[in-house]
Amino acid sequence: MDRIHIRGGKRLYGEIPISGAKNAALPLIVTALLTPDRLTLTNVPDLADIAFMAELMRQLGTSVEWRKSDVLGEGGVMTMRSAARPQSFAPYDVVRKMRASFLVIGPLLARVREATVSLPGGCAIGARPVDLHLKGLEALGASIEIAGGYVLARAPDGLKGAEFVFPMVSVGATENLLMAAVLAEGRTVLANAAREPEIVDLGQCLIAMGAKISGLGTDRIVIDGVKELGGVSYAVLPDRIETGTYAIATAIAGGEVELTGTREELIGALVPLLRAAGSEVTTTNRGVKISRNGARPHSVDATTEPFPGFPTDLQAQYMALMATADGTSEIRETIFENRFMHVPELARMGADISIEGDTAIVRGKERLIGAPVMATDLRASVSLILAGLAAEGETIVHRVYHLDRGFERIEEKLGRCGADMERQKE
Ligand code: UD1
């Protein structure tokens with residue numbers, strides 16, 4: 001297990017290449033199950049979660065070839081070809097490692113009319129966290145049974161198009177149903193659908209494969225089922241969470257950094273917050289540039305919402321910035337319960353944060369002090385790295401395997417801009 005040492009107080013200057021989006025690449029990999037032809041993805045990030053998904057695809061009978069690049073920020077190329085009849089069993093030991101594995105159930109049902117998929121980890125109390133996926137598949141005519149920790153889904157006569165209104169917005173359930181509906185018979189309408197850029201990316205890849213989809217990027221997606229899909233080559237969208245994370249890193253440490261290979265609109269909800277907090281953000285012809293010189297960041301409230309609102313996946317990083325800001329801010333989390341695990345760790349570095357229900361009240365401190373801290377999940381761990389950049393003295397972040405699930409070569413990317421940090425073995 002690795003840990004990262006950071007000696008804080010260095011401003012960041014330079015450029016950081018942004019990788020392909022993990023959360024776009026995961027469902028795009030799964031689309032290979034929808035066609036017997038070859039699917040090639042480019043700009044694939046080199047992350048542990050991507051390796052988990054590639055492993056699951058192999059277990060389902062897909063050949064996967066993944067050529068990685070040594071050049072920082074240059075994505076890999078993944079070429080996949082599913083079996084003529086894919087395996088339809090996704091076992092517990094793969095699915096428990098990553099919730100996104102559950103995305104295979106929709107495409108498997110569509111292609112082979114049956115799937116047995118383990119409930120994702122942490123689902124001991126039943127199917128609630130995937131209830132929307134299952135209700136949607138039932139609306140498309142699948143029969144669903146839960147036994148022994150597995151979901152057994154069957155559609156012996158094929159899936160049939162239907163109208164499904166999501167009772168709440170879900171990124172994963174929208175993706176699952178989109179992938180199921182493209183091969184269903186007739187028209188499917190997904191209402192109150194998620195509008196995240198990763199869903200648009202998935203839909204555009206499916207369209208390139210021959211699917212008929214309209215309304216991507218709106219909350220009403222209309223899909224007219226087709227008999228079969230073909231292979232394509234498709235480039236994964238830039239990672240907006242990585243973009244936002246390095247934008248916040250620059251705001252917290254000070255300096256000027258150009259994030260290349262990305263687009264300002266992908267962090268549209270973050271930009272006004274960063275500006276109000278005292279940073280400059282400008283679009284360049286290669287990406288987006290962030291700078292903060294001189295004065296301390298100001299406090300600005302934020303509330304997480306589904307896209308196009310402020311993303312929950314940037315909440316922990318933003319809280320690290322607010323912990324160093326001048327004044328008090330309120331950060332409200334509306335997407336996930338219990339997503340304040342970073343708060344006690346930030347407190348170990350001197351942050352003054354209290355939690356009231358779904359809101360964190362952050363009283364900014366002029367200086368955080370470096371401390372040994374523990375990464376608890378992906379986004380929480382990167383917030384500790386960001387806090388470490390601003391803190392006085394040394395911060396040691398333990399259990400960085402969480403970080404490797406979602407951030408490619410972070411110490412090199414920040415190190416190239418002057419951050420004093422290194423990875424060591426525990
Ligand atoms: C995706 C992202 C994750 C991000 C999240 C919200 C991927 C691989 N992961 O996760 O990084 O934080 O969107 O932007 O893309 N829910 C239910 N029942 C369901 C499904 C969801 O109650 O069947 C609840 C969840 O518990 C959560 C909320 O709905 O409270 C939103 O979850 P969802 O949008 O589905 O998140 P994921 O797709 O898992």
Side-chain angles (χ1 to χ4, degrees), residues 20-31 45 47-50 52-53 56 95 97-106 117 119-123 125-139 144 146 151 153 164-180 190 192-203 219 236-237 239-245 266-267 269-270 303-318 332-342 358 377-383 402-403 405-407:
K22 168 178 86 74
N23 286 353
L26 291 170
L28 287 170
I29 291 170
V30 173
T31 60
L47 299 168
D49 274 12
I50 301 295
F52 287 147
M53 192 60 102
L56 175 56
V95 180
K97 289 187 193 148
M98 187 180 59
R99 187 177 153 78
S101 316
F102 202 73
L103 290 174
V104 301
I105 196 168
V117 179
L119 283 165
C123 291
I125 55 162
R128 196 199 70 83
V130 288
D131 55 348
L132 303 175
H133 301 240
L134 300 182
K135 281 198 185 102
L137 293 171
E138 277 177 335
I144 306 280
I146 294 174
V151 177
F164 183 70
V165 184
F166 289 95
M168 65 188 279
V169 180
S170 162
V171 174
T174 302
E175 291 168 346
N176 225 333
L177 289 192
L178 184 56
M179 288 190 280
L190 301 178
N192 197 26
R195 294 186 277 166
E196 269 66 4
E198 292 75 19
I199 289 172
V200 178
D201 210 38
L202 169 65
D219 64 359
V236 178
L237 174 87
D239 195 314
R240 66 196 168 95
I241 303 306
E242 196 195 24
T243 305
T245 299
L266 291 172
I267 52 165
L270 174 67
T303 299
T304 64
E305 282 166 353
F307 191 85
F310 178 70
T312 175
D313 288 350
L314 288 176
Q315 182 254 105
Q317 298 89 313
Y318 185 74
R332 194 166 158 237
E333 171 60 59
T334 72
I335 308 291
F336 289 101
E337 298 159 21
N338 195 16
R339 218 186 202 189
F340 287 137
M341 269 108 70
H342 42 288
D358 64 0
D377 70 33
L378 175 53
R379 312 303 173 184
S381 44
V382 79
S383 81
H402 288 292
L403 205 63
R405 293 187 49 195
F407 289 90

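When a ligand or atom number is given, it counts from 1 through the structure's own listing order. Just so you know, these numbers use all the heavy atoms, side chains as well, and skip hydrogens, waters and symmetry mates.
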Seminar exercise, completed: Gly172 heavy atoms within 4.0 Å reach ligand 1 at atoms 35 (O), 38 (O)
For this session: Pull out every atom of ligand 1 sitting under 4.0 Å from any heavy atom of His133, numbered as shown with elements.
Result: 23 (O)
Problem set entry | Residue Ile335 vicinity, atoms of ligand 1 by number, heavy atom under 4.0 Å | 27 (C), 28 (C), 30 (O), 31 (C)
Problem set entry | Nitrogen or oxygen atoms of Glu196 and ligand 1 under 3.5 Å apart | no
Problem set entry | 4.0 Å heavy-atom contact, Glu198 with ligand 1 | no
Exercise. So is there a nitrogen or oxygen of Asp131 less than 3.5 Å from a nitrogen or oxygen in ligand 1?
Worked result: yes
For this session: Compare all side-chain heavy atoms of Asp239 with those of Pro45 and state whether any distance is below 4.5 angstrom.
Result: no
For this session: Before signing off on this row, confirm whether Leu132 and ligand 1 have an N or O atom pair separated by under 3.5 Å.
Result: yes
Exercise. Which of the atoms of ligand 1 are close to Asn23, meaning less than 4.0 Å from one of its heavy atoms?
Worked result: 2 (C), 3 (C), 7 (C), 8 (C), 9 (N), 11 (O), 15 (O)
Exercise. Is Pro306 close to Arg195 at the side-chain level, that is, under 4.5 Å between some pair of heavy atoms?
Worked result: no
Problem set entry | Pair Thr334-Glu305, side-chain donor/acceptor within less than 3.5 Å | no
Exercise. side-chain hydrogen bond (donor to acceptor under 3.5 Å, both in side chains) with Glu196: which residues, sequence neighbours excluded?
Worked result: none
For this session: Under 4.0 Å from a heavy atom of Val171: give me the atoms of ligand 1 that qualify, with their elements.
Result: 1 (C), 13 (O), 33 (P), 34 (O), 35 (O), 38 (O)
Seminar exercise, completed: Residues His133 and Ser170: closest non-hydrogen pair is NE2-OG, 4.4 Å
Seminar exercise, completed: Per-atom filter on ligand 1: closer than 4.0 angstrom to a heavy atom of Arg339 are 12 (O)
For this session: Within a distance under 4.0 Å of any heavy atom of Thr312, pick out the atoms of ligand 1 and give their elements.
Result: 6 (C), 12 (O), 14 (O)
Problem set entry | Any N or O of Ala173 closer than 3.5 Å to N or O of ligand 1 | no
Exercise. Using heavy atoms and a threshold below 4.0 Å, how should the contact between Met53 and ligand 1 be classified: side chain, backbone, both, or neither?
Worked result: neither
Problem set entry | Within reach of ligand 1, part of Glu337 (heavy-atom separation under 4.0 Å) | neither
For this session: Among Val382, Ile241, Thr245, Thr304, find the one that has a side chain to side chain contact (heavy atoms under 4.5 Å, CB included) with Asp313.
Result: Ile241
Exercise. Taking the side chain as C-beta and beyond, is there a heavy-atom pair between Asn23 and Val171 under 4.5 Å?
Worked result: no
Problem set entry | Atoms of ligand 1 close to Arg99 [distance to a heavy atom under 4.0 angstrom, numbered from 1] | 20 (C), 21 (C), 39 (O)
Exercise. Met98 versus Arg405: any side-chain heavy-atom pair under 4.5 Å?
Worked result: yes
For this session: For ligand 1, note which part of Met168 has a heavy atom under 4.0 Å away: side chain, backbone, both or neither.
Result: side chain
Exercise. Does Glu242 pair with Lys22 as a salt bridge, N-O distance under 4.0 Å?
Worked result: no
For this session: Provide the closest heavy-atom pair for Val30 versus Val104 in the form atom of the first, atom of the second, distance.
Result: CG1-CA, 4.0 Å
Exercise. Counting N and O atoms only, with roles assigned by atom type, does the side chain of Arg240 sit under 3.5 Å from a partner on the main chain of Pro311, one being a donor and the other an acceptor?
Worked result: no
Seminar exercise, completed: By ring pair (Phe, Tyr, Trp, His ring centres under 6.0 Å), Tyr318 pairs with (sequence neighbours left out) Phe310
For this session: Check each heavy atom of Pro129 against ligand 1 and say whether those closer than 4.0 Å belong to the side chain, the backbone, both or neither.
Result: backbone
Exercise. Can you find an N or O of Glu175 that's nearer than 3.5 Å to an N or O of ligand 1?
Worked result: no
Problem set entry | Contact check: Asp313 vs ligand 1, nitrogen or oxygen atoms, below 3.5 angstrom | yes
